[in-house]
Amino acid sequence: MNPRRDFIQKLALSAAAIPFAPLYGAPHELDVFGFSGDQSVLRVAIMGLGSYGTRVADAMQSCKRAKLAGVISGTPSKIKNWQKKYNILEKNCYNYENYDRIKDNPDIDAVYVITPNALHHDAVLRIAAAGKHVICEKPMALNAKEGEEMVAACKKADVKLLVGYRMHFEPNTLELIRMRNEGEFGKIMFFQGLSGFRIGDPNQWRLDKALAGGGSLMDIGIYAINGARYMVGEEPVWVTAQETKTNPVKFKEGVDETIQFQLGFPGGAVASCLSTYNMNYLDRFFLNGEKGFGELQPATGYGPIKGRTHQGPLTEPHVVHQTVQMDEMAGIILDGKKAVVPVDGQEAVKDLKIIDAIYNVCRTGEKQKLEL
Ligand code: NAD
């Protein structure tokens with residue numbers, strides 16, 4: 001008898017009962033869940049030890065295939081705290097001046113960039129040049145041009161570039177996508193995406209165009225953009241948009257407070273979306289087809305994600321998004337696994353092209369064709 005195999009078989013049998021099991025493939029794939037040695041584990045350094053970086057680090061403590069192995073930060077006291085809290089070796093700690101040296105560190109496979117938006121482009125280029133895989137937070141860049149440069153740099157360096165689209169691994173979201181793919185909603189006619197919250201401190205980087213690249217659209221409206229694409233299941237071919245601003249002191253030139261935008265899809269469906277930094281209780285996706293509907297509310301928060309369809313409530317279990325995301329990304333990077341909805345740099349460039357177009361049509365008032 002092989003006790004390890006016995007344990008893995010039991011684990012496989014019980015996989016149906018664990019919340020994120022449906023996201024993984026056949027039970028034999030469980031064999032690589034950290035039980036077959038370090039080569040099956042993605043060793044990640046987090047860059048940017050702020051609020052979301054901490055959430056990811058905490059979630060990674062429950063990962064089976066991804067391990068927090070290093071940090072990159074400009075604040076020595078944070079590095080010390082993280083070393084203690086997460087047991088990170090001194091040799092895996094870097095600052096923003098010396099992190100190119102990560103290329104000589106065989107114990108780091110990938111860097112997860114979780115800094116303010118405007119810093120993503122330079123960081124991804126440097127990490128790619130150091131020969132490490134990159135996971136980058138959304139929005140991947142400030143515009144499509146930057147995004148394309150990042151994709152090209154990672155391709156040239158032969159490293160993977162993934163983006164922190166955690167909803168692409170969320171079970172209720174995936175259930176709606178499955179139902180749509182199997183025709184249970186019929187022909188898709190309409191999508192509504194409402195994404196917003198009332199932002200506080202006027203001095204934070206999210207309200208500084210130089211660091212954020214814009215306003216609500218870059219930060220929260222991107223969920224409605226990305227969601228419209230994965231819920232309708234097509235790439236939009238036109239966009240219209242309208243911007244409104246009630247507080248030009250808090251939301252300075254180039255920092256959008258509220259934008260409503262519409263996307264047209266080749267199959268005839270239309271999306272109507274709202275992005276705002278000035279209203280709470282806005283996190284809702286609604287997909288309407290000729291034979292039924294699917295609704296998520298909340299749709300993109302940290303969960304539990306709740307929803308229903310014309311058939312009744314969605315009942316997929318709550319998972320910690322960042323734990324599942326990092327385990328799944330380890331599978332993508334280490335085993336070439338494919339996500340149901342892609343999470344690569346090219347996927348992010350499509351969202352950035354739409355963002356570029358929305359900002360443009362807010363100025364021109366015209367309808368713009370999209371070529372993604
Ligand atoms: P944050 O302000 O809490 O953290 C940002 C970190 O970057 C801080 O540790 C800060 O010290 C560091 N930093 C490095 N250089 C900086 C500079 N020049 N100016 C300011 N800070 C600097 O922000 P956050 O909420 O963690 O967001 C970071 C990124 O993560 C953003 O791109 C954001 O869109 C993304 N995010 C994603 C999700 C998600 O659910 N996927 C959620 C929150 C944030």
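Please read these numbers as outputs of a predicted model, since none were measured by experiment. Every number for a ligand or one of its atoms is a count from 1 in the order of the listing.
- Residue contacts with ligand 1, taken as heavy atom pairs separated by less than 4.0 Å, involve K78 solely via side-chain atoms from C-beta onward.
- Residue-level proximity to ligand 1 for L49 is carried by the backbone, the only part with a heavy atom below 4.0 angstrom.
- Contacts between Q322 and ligand 1, counted as non-hydrogen atom pairs separated by less than 4.0 Å, are absent for every part of the residue.
- Contacts of H120 with ligand 1, taken as heavy-atom pairs under 4.0 Å, involve the side chain alone.
- The residues E295 and R308 are annotated as salt-bridged, a charged nitrogen and a carboxylate oxygen being separated by less than 4.0 angstrom.
- Salt bridge R178/E182: present, at least one basic N to carboxylate O contact under 4.0 Å.
- What sits closest to atom 40 (O) of ligand 1 on the protein, heavy atoms only, is R166 NE, 2.7 Å.
- Ionic pairing of K85 and D58 is present here: one or more N-O contacts between side-chain nitrogen and carboxylate oxygen are shorter than 4.0 angstrom.
- Evaluated by nearest non-hydrogen atom to atom 32 (O) of ligand 1, the leading choice among I220, V113, N117 is N117.
- Among protein heavy atoms, atom 34 (O) of ligand 1 sits closest to K138 O, 2.8 Å.
- Classification of E170 and R166 as a salt-bridged pair fails, no side-chain N sitting under 4.0 Å from a carboxylate O.
- Salt-bridge annotation for R43 and D109: present, with a side-chain N of the basic residue lying under 4.0 Å from a carboxylate O of the acidic one.
- Not a single heavy atom of M218 sits under 4.0 Å from any atom of ligand 1.
- The parts of Y52 lying near ligand 1 are both backbone and side chain, judged by heavy-atom distances below 4.0 Å.
- Looking only at atom types and distance, the side chain of D100 has no donor-acceptor partner in the side chain of Y94 under 3.5 Å away.
- Scanning the protein for heavy atoms near atom 14 (C) of ligand 1, the closest one is Y96 OH, 3.5 Å.
- Of the candidates D208, T115, V163, L119, it is L119 that places a heavy atom closest to atom 15 (N) of ligand 1.
- The protein heavy atom nearest to atom 41 (N) of ligand 1 is E137 OE1, 2.9 Å.
- Of all the heavy atoms of H321, none lies under 4.0 Å from any atom of ligand 1, so neither backbone nor side chain is involved.
- Nearest to atom 25 (O) of ligand 1 among the protein's heavy atoms is R206 NH2, 2.9 Å.
- Ring orientation note: the planes of Y165 and H168 are close to parallel, at an angle under 30° on the 30°/60° scale.
- Residue, atom and distance of the protein heavy atom nearest to atom 3 (O) of ligand 1 are S51 N, 2.8 Å.
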Check the pair K138, D219 against salt bridge (charged side-chain N to carboxylate O under 4.0 Å, His left out), reporting the backbone distance first and the verdict last.
CA-CA 8 Å; K138 45 56 59 180; D219 188 41; 3.5 Å; yes
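- Of all the heavy atoms of Y165, none lies under 4.0 Å from any atom of ligand 1, so neither backbone nor side chain is involved.
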Give the C-alpha distance, both sets of side-chain angles, the deciding distance and a yes or no for salt bridge (charged side-chain N to carboxylate O under 4.0 Å, His left out) between E148 and K353.
CA-CA 10 Å; E148 275 162 352; K353 282 184 176 173; 3.7 Å; yes
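- Closest protein heavy atom to atom 28 (C) of ligand 1: I114 O, 3.4 Å.
- The shell of residues lying under 4.0 angstrom from ligand 1, judged by heavy atoms, excludes Y112.
- Under 4.0 Å from ligand 1, the heavy atoms of D219 that appear belong solely to its side chain.
- In this structure, Q368 CD and N360 CG are separated by 5.0 Å, a value rounded to the nearest 0.5 Å.
- The nearest heavy-atom contact from the protein to atom 1 (P) of ligand 1 is W205 NE1, 3.7 Å.
- Remark: K209 does not engage D256 in a salt bridge, criterion side-chain N to carboxylate O under 4.0 Å.
- In this pair, F191 and F285 present their aromatic rings perpendicular. The plane angle is above 60°, beyond the 30 to 60° band.
- Salt-bridge check for D351 with R229: passed, with a basic side-chain N closer than 4.0 Å to an acidic carboxylate O.
- Taking only non-hydrogen atoms, the option from G53, G301, G48, P116 nearest to atom 13 (N) of ligand 1 is P116.
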